[in-house]
A.B. asks: 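One structure is given below, represented as structure tokens, and several questions about it will come after.
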Protein chains: 2
Amino acid sequence: MSRTPHHPTREQIELPMVLDCLSDPIRLAIVYQLAQQERVSSELRCSDFSALSGKSNLAYHFAKLRDCGLMRTRVAGTNRFMRLRREDLEARFPGLLDAVLGSAAKDADRLPLVSGCELVEVDRK
Amino acid sequence: MSRTPHHPTREQIELPMVLDCLSDPIRLAIVYQLAQQERVSSELRCSDFSALSGKSNLAYHFAKLRDCGLMRTRVAGTNRFMRLRREDLEARFPGLLDAVLGSAAKDADRLPLVSGCELVEVDRK
DNA sequence: TCGATAGTTCAATAAACGTTGAACATAAGG
DNA sequence: CCTTATGTTCAACGTTTATTGAACTATCGA
């Protein structure tokens with residue numbers, strides 16, 4: 001297992017890959033919830049999304065989200081903490097992320113969202 | 001051949017489908033050029049994009065762009081005129097199209113664009 | 001009416017995608 | 001050390017995707 005997962009540099013972030021990544025309902029939901037969480041702690045564990053799908057499937061989606069530059073993974077013990085690469089995305093494609101998030105918010109009822117309550121804990125180590 | 005191709009209603013436009021549609025470089029280029037053309041005439045013929053790919057492949061991409069609600073096709077003789085569904089998209093997902101177009105403009109050099117000159121003619125019938 | 005023009009439709013292909021479960025790796029807690 | 005918890009990796013699968021060429025439809029112009 002590589003110590004730190006691969007992340008593209010800011011300049012390597014490609015528009016088609018970002019849009020393709022966001023076009024999957026599960027990944028869009030992940031990004032959406034990550035954005036919601038930003039107001040509180042900016043980071044979430046993989047297991048926080050376990051309601052969306054199985055572990056291995058989530059790992060697959062997380063890898064895609066990393067590969068396209070949408071989020072960054074920080075390894076801490078057995079946990080992986082993920083957060084949006086907001087600044088990189090804003091620098092690369094100004095206004096895009098917020099437009100997508102706003103659109104997702106309008107259609108939040110069509111997204112496979114996690115229940116909600118348990119997403120607000122901030123106990124970090 | 002059905003007289004008028006199928007188009008979704010405004011409310012039927014889905015965010016994941018739109019993002020998926022825009023994630024293909026050829027389709028993104030089509031939408032981008034359609035947007036560029038808006039300043040002049042708002043419509044382009046299928047054959048105006050023949051530099052991007054073959055006829056049948058373009059028909060495939062046009063169908064996807066219609067099905068997801070990004071553009072509308074008007075049949076006129078043997079020609080099909082396409083235009084962006086700007087108002088519908090703006091009503092459904094405010095700011096999204098412009099954010100994507102702005103991002104595409106920033107990376108225009110990475111898009112498979114048509115040469116350019118021949119896109120400015122406005123001779124309609 | 002005949003031929004050229006503009007697009008669509010269909011079948012075939014190869015590649016990519018999303019999903020699953022089993023096996024694996026790593027770190028934390030007793 | 002052993003067990004548990006967190007995630008990753010891998011192989012397998014069925015599905016969807018983009019692309020091609022050939023056949024087809026429909027319209028326009030001579």
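Residue numbers begin at 1 in each chain, while the letters A, B, ... track the order of the sequences.
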A.B. asks: Quick one: does B:D48's side chain get under 4.5 Å of B:Q37's, heavy atoms only?
C.D. replies: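 No; the side chains remain at least 4.5 Å from each other.
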A.B. asks: Report the distance from atom CZ of A:R45 to atom C1' of C:dA27, rounded to the nearest whole Å.
C.D. replies: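 Checked: the CZ to C1' distance equals 14 Å.
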A.B. asks: State plainly whether the residues B:R72 and B:D88 are in salt-bridge range, i.e. N to O under 4.0 Å.
C.D. replies: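 Between B:D88 and B:R72 there is a salt bridge, with a charged N closer than 4.0 Å to a carboxylate O.
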A.B. asks: Could you walk me through whether A:Y32 and A:L111 satisfy the side-chain contact (heavy atoms from CB on, under 4.5 Å) test, starting with their C-alpha distance in whole Å, then the side-chain angles of each, then the deciding distance to 0.1 Å, before giving a yes or no?
C.D. replies: CA-CA 9 Å; A:Y32 180 76; A:L111 280 182; 4.1 Å; yes
A.B. asks: Could you please name the option among C:dA27, C:dG7, C:dT8 that lies closest to any side-chain atom of A:T78?
C.D. replies: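 The answer is C:dA27.
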A.B. asks: What integer distance in Å separates B:F49:CZ from C:dG7:P?
C.D. replies: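 Whole-Å distance recorded here is 11 Å.
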A.B. asks: Taking the side chain as every heavy atom from C-beta outward, state whether A:L70 and A:M17 have any pair of such atoms under 4.5 Å apart.
C.D. replies: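 Counting from C-beta outward, A:L70 and A:M17 never come under 4.5 Å.
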A.B. asks: Tell me, which of residues 12-27 of chain A have any heavy atom that sits under 4.0 Å from an atom in DNA chain D?
C.D. replies: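 Residues of residues 12-27 of chain A under 4.0 Å from DNA chain D: none.
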A.B. asks: At less than 4.0 Å, is any side-chain N or O atom of A:K64 found next to OP1 or OP2 of C:dG18? Yes or no.
C.D. replies: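 So the side-chain polar atoms of A:K64 do come within 4.0 Å of the phosphate oxygens OP1 or OP2 of C:dG18, strictly under.
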A.B. asks: Do the non-hydrogen side-chain atoms of B:V100 and B:L28 ever get within less than 4.5 Å of each other?
C.D. replies: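 Touching, per the 4.5 Å side-chain cut-off.
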A.B. asks: Can you tell me how far P of C:dA6 sits from CE of B:M82, to the nearest Å?
C.D. replies: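 The answer, rounded to whole Å, is 15 Å.
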A.B. asks: When you compare the side chain of A:F49 with that of A:I26, does any pair of heavy atoms fall below 4.5 Å?
C.D. replies: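 No. Closest side-chain heavy atoms not under 4.5 Å.
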A.B. asks: How long is the line joining CZ of B:R66 and C1' of C:dT9, in whole Å?
C.D. replies: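 Interatomic distance, CZ of B:R66 to C1' of C:dT9: 12 Å.
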A.B. asks: Please give, in whole Å, the distance from C:dT8 P to B:R74 CZ?
C.D. replies: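 In whole Å, C:dT8 P and B:R74 CZ are 14 Å from each other.
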A.B. asks: Does D:dG7 have OP1 or OP2 sitting under 4.0 Å from an N or O in the side chain of A:S47?
C.D. replies: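 Yes.
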A.B. asks: Whole angstroms only, please: what is the CG-P distance between A:L52 and C:dT19?
C.D. replies: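 For the pair A:L52 CG and C:dT19 P, the rounded distance is 11 Å.
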A.B. asks: Side-chain contact, heavy-atom cut-off 4.5 Å: A:L97 with A:V31?
C.D. replies: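 Sidechains of A:V31 and A:L97: in contact.
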A.B. asks: Indicate yes or no: at least one non-hydrogen side-chain atom of B:T78 is less than 4.5 angstrom from one of B:R45.
C.D. replies: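 They are not in side-chain contact.
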A.B. asks: Taking only N and O in the side chain of A:H61, is any of them less than 4.0 Å away from OP1 or OP2 of C:dC17?
C.D. replies: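 A:H61 to C:dC17 OP1/OP2: no side-chain N or O under 4.0 Å.
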A.B. asks: Hey, does the side chain of A:N79 come within less than 4.0 Å of D:dA5's phosphate (OP1/OP2), counting only N and O?
C.D. replies: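 Answer is no, no contact under 4.0 Å.
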A.B. asks: Could you give the CZ-to-P distance, from A:F81 to D:dT6, as a whole number of Å?
C.D. replies: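 Rounding to the nearest Å, CZ of A:F81 and P of D:dT6 are 11 Å apart.
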A.B. asks: Can you check nucleotides 20-22 of chain C for protein contacts, nitrogen or oxygen pairs under 3.5 Å, and list what you find?
C.D. replies:
unit_1: C:dG21; atom_1: N7; unit_2: A:S56; atom_2: OG; d: 3.3
unit_1: C:dG21; atom_1: O6; unit_2: A:S56; atom_2: OG; d: 3.2

A.B. asks: Report yes if some heavy atom in the side chain of B:L96 is under 4.5 Å from a heavy atom in the side chain of B:L89; otherwise report no.
C.D. replies: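 The answer is no; the side chains never approach within 4.5 Å.
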A.B. asks: Can you tell me how far C1' of C:dA6 sits from CG of B:D48, to the nearest Å?
C.D. replies: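 Those two atoms, CG and C1', are 12 Å apart.
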